[in-house]
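Inspection log for the structure reproduced underneath, given as structure tokens.
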Protein chains: 2
Amino acid sequence: MLAPESATISEIQDAVATGALTRREVVARHLERIEAHNGAINGFVELRSDEVLAEADAADAAHGRTIAGPLDGVPFSVKDSYSVAGLRRTDGLPVNKDNVQDTDELTVRRLRDAGALILGHAAIPDLCIRWNTVSGLYGTTVNPRDRTRTAGGSSGGDAANVAAGFATVGIGGDLGGSIRVPASFCGVYGFRPGAGRVAEFNPNHVPEDGISHEVMCETGPLARSVRDIQITYDVIQGHHERDPASVPAGSRPTREPGRVAVLRHETGAVLDPVIERSLDHVAEILTAEGYVVEEQVLPDLSRAPDVWAQIIGTELIRDYLPVIGDKVIDSGRVHIEEMFGAYETGSDVSAYLAAWRERRALQDTLLAAMEDHPLVIAPVAGMPAPPLDFDHHIGREASVALLDRMRCVPWVNLFSLPGLALPNGIQIVGRRFAENEVLAAGFAAERHLPRVDIAPL
Amino acid sequence: MLAPESATISEIQDAVATGALTRREVVARHLERIEAHNGAINGFVELRSDEVLAEADAADAAHGRTIAGPLDGVPFSVKDSYSVAGLRRTDGLPVNKDNVQDTDELTVRRLRDAGALILGHAAIPDLCIRWNTVSGLYGTTVNPRDRTRTAGGSSGGDAANVAAGFATVGIGGDLGGSIRVPASFCGVYGFRPGAGRVAEFNPNHVPEDGISHEVMCETGPLARSVRDIQITYDVIQGHHERDPASVPAGSRPTREPGRVAVLRHETGAVLDPVIERSLDHVAEILTAEGYVVEEQVLPDLSRAPDVWAQIIGTELIRDYLPVIGDKVIDSGRVHIEEMFGAYETGSDVSAYLAAWRERRALQDTLLAAMEDHPLVIAPVAGMPAPPLDFDHHIGREASVALLDRMRCVPWVNLFSLPGLALPNGIQIVGRRFAENEVLAAGFAAERHLPRVDIAPL
């Protein structure tokens with residue numbers, strides 16, 4: 001019999017369609033696995049067991065063996081920072097522990113309308129600002145593939161849940177690698193769509209996001225196959241009138257394999273040899289799939305990570321921490337101060353404005369190169385999943401060294417681009433609105449990579 | 001015989017198609033009128049007479065009576081700030097007087113590819129920051145309908161050229177009313193598309209725009225009919241790979257007449273009675289066309305003009321003037337200091353960041369109302385065209401009073417929306433990506449308004 005905890009969406013739906021499993025059995029099996037092992041992993045931080053079992057029963061009663069939507073019967077993990085009716089939304093802060101939400105936000109509503117069964121909320125670090133998942137409210141999330149290692153962050157709970165077989169798909173958000181980094185560290189796929197693809201609308205509160213959120217942050221799925229990424233992305237993407245930064249743009253036709261640039265040292269990233277070998281491997285397999293993969297065709301992007309850290313760091317340190325800093329867990333606040341403190345532009349607005357102008361110039365330099373090479377392959381992190389305490393009170397110098405290993409991550413955000421992290425720590429990045437090209441290359445790469453199994457627990 | 005200087009695009013093309021006029025005759029007649037009267041108006045500041053006559057001859061030779069593109073044979077005015085091969089691009093500054101451009105920028109290229117005949121560059125105020133058109137390099141542009149009055153700004157040269165019968169269509173840009181205000185003052189139509197519609201790509205230089213440019217500034221046409229606005233907009237709109245803020249979104253289907261909200265006092269604007277009567281008139285004629293027009297259904301937007309002036313003012317005063325201020329004509333620099341000085345958030349970045357967050361909250365409040373009323377009619381300026389010196393060295397208090405009369409202008413920019421200025425000083429505003437709805441209402445209003453004649457000179 002199919003083991004639903006390691007199955008893909010189509011395998012689950014095939015089992016439902018043939019009568020091999022009911023939706024309730026799919027959900028119950030996941031809840032059993034969570035019950036047995038989540039205590040050690042801490043991927044889920046809130047469960048809605050009774051509710052989701054009732055929803056599965058209702059769907060079984062209503063639809064039986066008929067698959068009633070693209071996500072019908074599929075168990076989901078949703079990052080804490082997304083509002084799910086009846087669950088609290090905390091940003092990881094103890095001060096928000098009673099902030100129960102009345103209503104699903106748009107992305108969650110779209111998932112439900114497609115038949116998704118939402119198991120609960122996944123862990124995050126405080127404020128979702130960290131490549132680790134440690135929160136004052138929920139504690140530490142570990143990597144299911146090696147419990148001495150971080151799951152990554154900030155969508156570390158989702159990545160752990162997908163890698164552990166607690167959920168088929170997770171929903172995260174990526175302002176600076178928060179989908180791609182945990183996906184890489186946990187050995188699953190993670191997709192950050194380009195800016196404007198996944199509309200945000202949350203009826204629970206008035207939005208007060210700064211402009212960098214609109215330009216650099218996007219919601220996307222984590223899963224164990226590119227097909228599951230694609231199916232989920234197709235459900236959650238799309239314009240909404242209340243998010244005017246979301247765009248009603250159609251998908252581009254998927255191209256025939258074209259030219260791919262390798263981003264290796266152009267950002268100044270410090271890369272472990274194992275990561276460089278993975279990059280070489282992805283170059284080889286895309287070449288085998290008919291892509292023309294070329295090195296040293298991209299411009300100097302060494303300023304891009306700095307400019308990203310200037311913009312985000314200034315917002316965190318000058319606008320955000322003064323209000324919320326005393327509510328953030330100490331290791332999180334200190335991490336922000338140590339790392340972003342090295343880059344933020346200070347209190348003077350003119351330096352911050354100059355960073356945005358430099359962003360535009362850098363973006364144009366890259367886009368000129370991408371006219372010839374519309375896809376880029378690059379590392380995500382410069383190293384495999386580090387130990388759990390890799391970013392705890394390490395001081396300014398080590399924090400800058402940490403960013404140096406992560407320099408291939410934030411240019412994708414700075415320039416509003418879509419990027420697909422592969423389970424081996426490499427990402428495929430395309431131009432804005434070219435999600436289909438990115439996913440097509442992802443399918444091509446996946447054919448040469450091992451199937452993503454769940455971690456043995 | 002048709003007088004081409006007062007004709008619409010279709011009238012010009014009909015005359016070419018029937019053999020009543022050649023393209024050369026169309027252009028020559030415009031150049032004669034410019035020769036005779038531009039000295040008094042100062043709408044055009046650079047002409048390419050020989051080149052455009054040669055282009056007209058070439059098109060006559062190549063196409064004869066066949067109309068070879070949507071703008072074939074149509075004489076255009078293009079704002080100085082857009083690069084036209086062989087013309088200088090100055091931003092109105094004497095220091096840029098030798099800055100001749102090698103290449104057309106994208107919008108100009110799209111015009112040419114559609115058959116447009118570009119007569120020359122139109123006047124602007126220094127830096128394009130003023131609702132008046134006075135520059136250190138080019139002097140003052142006057143209103144062809146009353147030479148004691150301003151043509152408005154910053155696309156005042158285009159508006160004057162279209163109103164004077166010097167050009168059929170003008171191309172301007174609108175960051176804070178720079179298309180809509182001069183169109184209103186000169187009694188022509190002016191259309192600001194929503195953010196992301198008209199891609200910007202200028203091969204002559206690396207872009208270094210701040211983020212507010214991407215969110216709030218858009219290129220659009222000024223013309224004497226809504227049809228000519230629509231034809232030109234259809235040519236210049238569209239995504240380009242080098243402008244990732246431009247979006248490959250299709251147009252919405254044009255709606256049946258729907259619900260329209262009247263914006264009258266919600267921004268705190270001070271309105272002359274004649275402007276309120278024009279607003280009443282547009283409400284009446286849209287009602288006659290089947291729209292349901294309602295007052296007092298919009299939220300308080302009194303903070304929107306302030307937030308716009310905070311963001312733009314801070315960028316001007318903290319980032320722009322320190323570099324370029326000593327090259328700007330005195331009345332322009334002082335105007336910026338007096339008016340925006342009252343709003344800019346100072347040197348501290350946190351106040352500037354707070355303005356962006358307030359923008360997002362205000363935008364959401366408006367969009368919630370626009371779910372019920374997807375179109376808004378509002379004044380542009382609070383008064384008809386004022387005297388030429390209305391913004392010269394008037395001091396802080398009068399500058400704030402001036403902004404108070406213009407408070408219905410910049411919310412359209414702040415929220416990235418499309419807006420069509422009518423010749424009577426009223427604008428029709430829609431949601432982002434709803435340009436077709438705005439233009440449909442514009443056609444409806446136009447049926448009840450006098451045909452826009454050229455000014456007798």
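Naming: A, B, ... by sequence-line order, numbering from 1 per chain.
In this structure, the separation between CZ on B:R242 and CG on A:D364 is 4.5 Å, given to the nearest 0.5 Å. Of the inter-residue distances, the one linking B:H213 atom NE2 with A:R357 atom CZ reads 13.0 Å to the nearest 0.5 angstrom. Atom CD of A:E214 sits about 5.0 Å away from atom CZ of B:R359, to the nearest 0.5 Å. Atom CD in A:E315 sits 10.5 Å away from atom CH2 in B:W356 (nearest 0.5 Å). One finds the CZ atom of A:R360 at 5.5 Å from the CG atom of B:D243 (value rounded to the nearest 0.5 Å).
Between chain A and the residues B:L362, B:L366, B:L367, the largest count of heavy-atom pairs under 4.5 Å involves B:L367. Taking chain B as the reference chain and counting heavy-atom pairs below 4.5 Å, the highest number among A:A354, A:A245, A:A249 is found for A:A249. The candidate with the highest count of non-hydrogen atom pairs below 4.5 Å against chain B, out of A:P248, A:S350, A:A361, is A:P248. Between chain A and the residues B:E241, B:Q363, B:R318, B:M370, the most heavy-atom pairs under 4.5 angstrom are made by B:E241. When B:D319, B:T345, B:I317, B:L417 are compared by the number of non-hydrogen pairs under 4.5 Å with chain A, B:D319 comes out ahead. Heavy-atom pairs under 4.5 Å with chain A were tallied for B:T365, B:V206, B:D209; the largest tally goes to B:D209. No other option in B:F433, B:F415, B:Y352, B:Y320 has as many heavy-atom pairs under 4.5 Å with chain A as B:F433.
The minimum heavy-atom distance linking A:P244 with B:R432 is given by the pair O-NH1, 2.6 Å. Looking at every heavy atom in both residues, B:D348 comes nearest to A:V349 through C-CB, 4.4 Å.
With a 4.5 Å cut-off on non-hydrogen atoms, A:H205 does not touch chain B at all. Looking at B:S347, both its backbone and its side chain come within 4.5 Å of chain A, counting heavy atoms on both sides. Contacts between B:H239 and chain A at a heavy-atom distance below 4.5 Å involve the side chain alone, from C-beta outward. Using a 4.5 Å cut-off between heavy atoms, A:A434 makes no contact with chain B at all. In this structure, the portions of A:T314 lying under 4.5 Å from any heavy atom of chain B include both its backbone and its side chain. Both the backbone and the side chain of B:A368 come within contact range of chain A, with heavy atoms under 4.5 Å apart. With a threshold of 4.5 angstrom between heavy atoms, A:R431 approaches chain B through side-chain atoms but not through N, CA, C or O. Heavy atoms of A:E371 lying under 4.5 Å from chain B belong exclusively to its side chain.
A 4.5 Å side-chain heavy-atom check between A:I211 and B:V215 finds at least one atom pair inside the cut-off.
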